[in-house]
Amino acid sequence: MATFSQSTLDKGSDIFQDFLCSACQGKKLDKMADFYCESCLKFYCGNCINLHSQLFTNHATFGRKHIKKWPVAKKVEDFLLKCDVHKEENLKMFCDEHIELCCTNCAFLNHRHCPKVTLISDIVKIQSTDLKKLSVSIQTILEEMRKLQGSQEASLQYMQNSFDEQLQKIHETRRKINAALDTIEQKTLNEMKDTLTKLQASCKDDVDKCISLQDELKQLRDAIQDISDKSKLELSFIATRKCKDKIKHCETFLNKNSLGKNVSVTFQPNHEIIQYLSTLSGLGKIEHSTHTLMVHENPNKVFTVQGKSVHNVKISRDSKECTICAICVLPEGQVLVADCGNNTIKLLDQQHQVVSHCSVTTLPNDMCQITPTEVAVTLASNKVQFITVNNRKLVTGRKLQLQHACLGNACHQEELYITDETALYKYTLSGKQVSKMYEDKSGSLTVFSCGVSPTGDKVYITSKSHNKVLTLARNGSVLATFTDPALQYPCAVHITPAGQVLVCGHRSSTIIQVDDEGRKKLAILATEEDGVASPCSVCYNRHTASILVGLHANNILVFKVQ
């Protein structure tokens, strides 16, 4: 007989608890019972049974070795007796036509026209039950459900892996076609993600159903074990019906779901697009992607800071103090930070805690998004390292070896912009140099960091040595120059999806918002008084409406904005 101890609770039968000492309960103490007195009809713990035995020497008591002589637990009895529909009513009848247990309310509402509704107390006089056989059946079904759950969980992983593999094929196909086809690629990605979401939702529903049915079966199994030797005919009958119904339900579910079923997501590129692209006059209706600046988005809307929090991103393997020299937020909300103090790229969760990390060969300088799951990191060794986010893990990929220093970087429509202290270059993602857009050899750090407007018509660069922010046209000509006493040694510039321009001054310890023309200061968003001490990087997270600032001393600041 099951005792329904805490170990049983942990395994899923959370509606049951062990017998409590009756004497201790009178003192408002919850203590497990070790003995049952059939004369007193009460339970006693090890301490209370000694006093009971002194007072009632003739009473027969049974310890846990003879727990089969204990009565059915109240919660077990209630679990079996209570109607599933009318929770306060006990099951008293059985409808032969519907093969259904029912309380008096059920009988009146749903079975009053049925030809045969019999009292359970009458049925048990002529019908026997085999609870041990039912227990074996439940155990068999539980095992099948466990296997199905494992299979469906494996299928979820298989789908995700196949999705990731096909995603790479999409990116390779995208690189073969002109940038004007960005919208088509985005539609394909969205369709595949929708397909994955639908497949995962269906599979996850099966997993959840498996878990739910297993819990119900375990509860029934534990219940019938508890009453198996109690000669409780009514309870046995009810348990039998409930078990058979649940087993039938599970068998139906198992029949609908087979083991080893793996569903994959595939992408088949249309090679004819590349072949005939030059002959096409148009591709049809163009839908703007999320990266396109919408009419209602105001690039000069000034942020208002509403709160601040500090988050430590140091991990146990870090041997030096963290310096967050770059921050990047991907479309799905993942936050990556580059720690140049420890040559590490770190992935943060929504609470800004490190959940994954990977090392890079040399000091990282900057980082920008390439695809929805990929970033490019510029390294001090004149290299660009590509890193992918895969299932909350960071995976290093290919590298580009350039012939000059790699400091700041930005990407727009498969064009990669890279600075090298005195010049701004434009590259393809395969590493082919397109042009040297701008150059200024009047100082050592005249072209430090860079950012591109959402429409790609303007490129912003910071000049550390001259305390300036320059705005360039597509052809590299200077459109505007911004200087301000509150901006000293600008080390990073960031462009939000709406086109707002954020700059951090390293020596002035400020975060400044500049208008999208790059001509005037719109606001000083944060200063040293706000904790911005020698900031190294800045980034806007639209998912959380916050501005992230990278600092020395292991921390990032998160400013909630509106």
Side-chain angles (χ1 to χ4, degrees), residues 178-183 286 288-295 297-302 366 368-370 376 378 384 402 404-443 445-484 487 490-505 512-522 538-540:
N178 191 279
L181 293 176
D182 277 351
T183 304
I286 302 298
H288 292 284
S289 69
T290 55
H291 298 290
T292 302
L293 184 62
M294 303 302 289
V295 176
E297 291 181 316
N298 179 10
N300 294 321
K301 178 185 177 182
V302 179
D366 203 358
C368 70
Q369 176 193 332
I370 303 299
T378 51
V384 178
L402 305 185
H404 56 77
C406 299
L407 293 181
N409 69 343
C411 183
H412 183 265
Q413 292 188 344
E414 296 193 354
E415 291 182 327
L416 187 61
Y417 299 83
I418 298 178
T419 66
D420 78 337
E421 297 186 356
T422 60
L424 172 67
Y425 298 86
K426 184 190 295 185
Y427 284 87
T428 65
L429 291 180
S430 61
K432 180 182 178 181
Q433 186 180 126
V434 177
S435 65
K436 180 188 285 187
M437 288 185 60
Y438 175 82
E439 189 173 33
D440 181 0
K441 292 187 176 181
S442 63
L445 296 173
T446 55
V447 184
F448 191 76
S449 64
C450 63
V452 186
S453 65
T455 52
D457 61 333
K458 292 188 285 288
V459 181
Y460 305 87
I461 59 174
T462 62
S463 173
K464 267 190 172 183
S465 56
H466 297 322
N467 299 321
K468 295 178 180 179
V469 177
L470 284 76
T471 304
L472 309 180
R474 292 180 190 269
N475 61 5
S477 60
V478 179
L479 299 175
T481 301
F482 171 78
T483 60
D484 191 277
L487 183 66
C491 61
V493 59
H494 171 73
I495 317 303
T496 74
Q500 294 143 302
V501 181
L502 305 177
V503 189
C504 66
I512 292 178
Q513 182 175 348
V514 181
D515 75 308
D516 69 322
E517 296 296 328
R519 298 184 184 277
K520 61 180 180 179
K521 177 178 67 182
L522 296 179
V538 62
C539 184
Y540 174 70

Spatial distance of atom [atom1] ([X]) from atom [atom2] ([Y]) [nearest 0.5 Å]:
X	Y	atom1	atom2	value
Leu402	Tyr427	CG	OH	4.5 Å
Asn409	Leu416	CG	CG	6.0 Å
Leu470	Cys450	CG	SG	12.5 Å
Glu439	Leu424	CD	CG	10.5 Å
Thr446	Lys468	OG1	NZ	10.0 Å
Arg474	Ser453	CZ	OG	7.0 Å

Minimum-distance pair of heavy atoms, taken over all atoms of [X] and [Y]:
X	Y	value
Thr462	Cys491	OG1-C, 4.4 Å
Ser465	Gly443	OG-CA, 4.3 Å
Pro454	His412	O-NE2, 3.0 Å
Ser449	Ala492	OG-CA, 3.4 Å
Gly518	Val514	CA-CG1, 3.9 Å
Ala423	Asp420	N-OD1, 2.9 Å

Given 3.5 Å as the limit, does a donor-acceptor pair link the side chain of [X] with the main chain of [Y], or not?
X	Y	result
Gln513	Lys301	yes
His494	Gly451	no
Thr471	Leu479	no
Thr378	Gly408	no

* Asked: Is the closest side-chain heavy-atom distance between Val478 and Tyr438 below 4.5 Å?
  -> yes

* Asked: Is any side-chain heavy atom of Gln369 closer than 4.5 Å to a side-chain heavy atom of Cys411?
  -> no

* Can you check side-chain contact (heavy atoms from CB on, under 4.5 Å) on Val434 and Thr428, steps first, answer last? -> CA-CA 7 Å; Val434 177; Thr428 65; 3.8 Å; yes

* Asked: Under the salt bridge (charged side-chain N to carboxylate O under 4.0 Å, His left out) test, which residues partner Lys520, sequence neighbours left out?
  ->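 None.
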
* Please report the C-alpha distance between Asn300 and Asp516 in whole Å, then the side-chain angles of each, then the deciding distance to 0.1 Å, and finally whether the side chain to side chain donor-acceptor pair (under 3.5 Å) criterion is met. => CA-CA 6 Å; Asn300 294 321; Asp516 69 322; 3.0 Å; yes

* To do: Walk me through it: do Phe482 and Leu487 pass the test side-chain contact (heavy atoms from CB on, under 4.5 Å)?
  => CA-CA 10 Å; Phe482 171 78; Leu487 183 66; 3.8 Å; yes

* To do: Could you please spell out the steps behind the side-chain contact (heavy atoms from CB on, under 4.5 Å) verdict for Val501 and Ile495?
  => CA-CA 5 Å; Val501 181; Ile495 317 303; 3.9 Å; yes

* May I have all residue pairs that pass ring-ring contact (aromatic ring centres under 6.0 Å, His included) and include part of residues 448-470, sequence neighbours excluded? =>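 The answer is none; no pair qualifies.
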
